[in-house]
Amino acid sequence: MNRITIAIDGFSSTGKSTVAKRLAKSLGYIYVDSGAMYRAVTLYAMQNNLIQENCFDKELLITQLGAIKISFKFNEELGFAEVYLNEQNVEKQIRTLEVSQFVSQVATVSEVREQLVLQQQNFGKDKGVVMDGRDIGTVVFPDAELKIFMKASAEIRANRRYKELLERGHNLSYDDVLENVTTRDRIDSTREDSPLVKAEDAIEIDNSELTVEEQLETIKELVNHILSK
Ligand code: CDP
């Protein structure tokens, strides 16, 4: 076996994508940010007034799913693939706290999940993929050779996300970020379809006190062990 499938799931803002991106690069694998796809559908719903505070027209969103095309294009300069919604680069727009405030509701809709999961499975059909999300090891790639489940305390995660958003020039409070992180954890873990749960065969990493390098080191050792079998 020389190429495997790596599924990285876990709670919001656990730094999955940072580790997944670096890991994919060092292995020469493709990296897919499945959360970006749910965020892009959410942005579409916001732009089309399908979701607002206390009002979400699920049925109308479902009828419009055929009009939502999500794709990734590799940006040489940045070294990773950016997400496009109907041919428009939305990489920056999908990372706002506003999108974060609606995304978990959109992600409860089975029809949305069905469409995105098919696309995600297609990205991984030739193996050699690192994908991060909430249901990658349980639903998207239940046969993945390596499954990682990331966790860290809510305060540490909120602090990481808060700093990241501040650096990107967003004006917001730490408390709002913490509130969003915990609300999304609750919705993601309790929804009926594909809830965030640790797959039985996933390896748990609590990265509260770990650097990115240390996490990478641990995961690369696991990969080498699998590849040497
Ligand atoms: O970066 P962060 O961990 O904050 O979130 P994300 O990976 O961008 O995912 C945003 C949201 O999309 C999550 O809170 C989930 O509601 C949803 N999601 C999902 O339901 N299933 C996935 N495989 C990935 C994300």
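What you see below is based on every heavy atom in this structure, not just the backbone, and it leaves out hydrogens, waters and symmetry mates. Note that ligands are numbered from 1 as they come in the structure, with each ligand's atoms numbered from 1 the same way.
- Here Phe11 pairs with Phe149 under the ring-ring contact (aromatic ring centres under 6.0 Å, His included) rule; sequence neighbours left out.
- Geometrically, Lys25 does not engage Tyr31 in a cation-pi contact, judged by NZ or CZ lying under 6.0 Å from the ring centre and within 45° of the ring axis.
- For Phe102, there are no ring-ring contact (aromatic ring centres under 6.0 Å, His included) partners at least two apart in sequence or on another chain.
- A side-chain donor-acceptor contact under 3.5 Å links Gln119 to the backbone of Ile70.
- One side chain, Ser208 or Asp206, offers a donor N or O that lies under 3.5 Å from an acceptor on the other.
- Near ligand 1, heavy-atom contacts under 4.0 Å come from Ser12, Ser13, Lys16, Ser34, Gly35, Tyr38, Arg39, Val103, Ser104, Ala107, Arg113, Gly133, Arg134, Asp135, Ile136, Arg161, Arg184, Asp188, Arg191.
- Among residues at least two apart or in separate chains, there is no salt bridge (Lys or Arg N to Asp or Glu O under 4.0 Å) pair with a member in residues 53-65.
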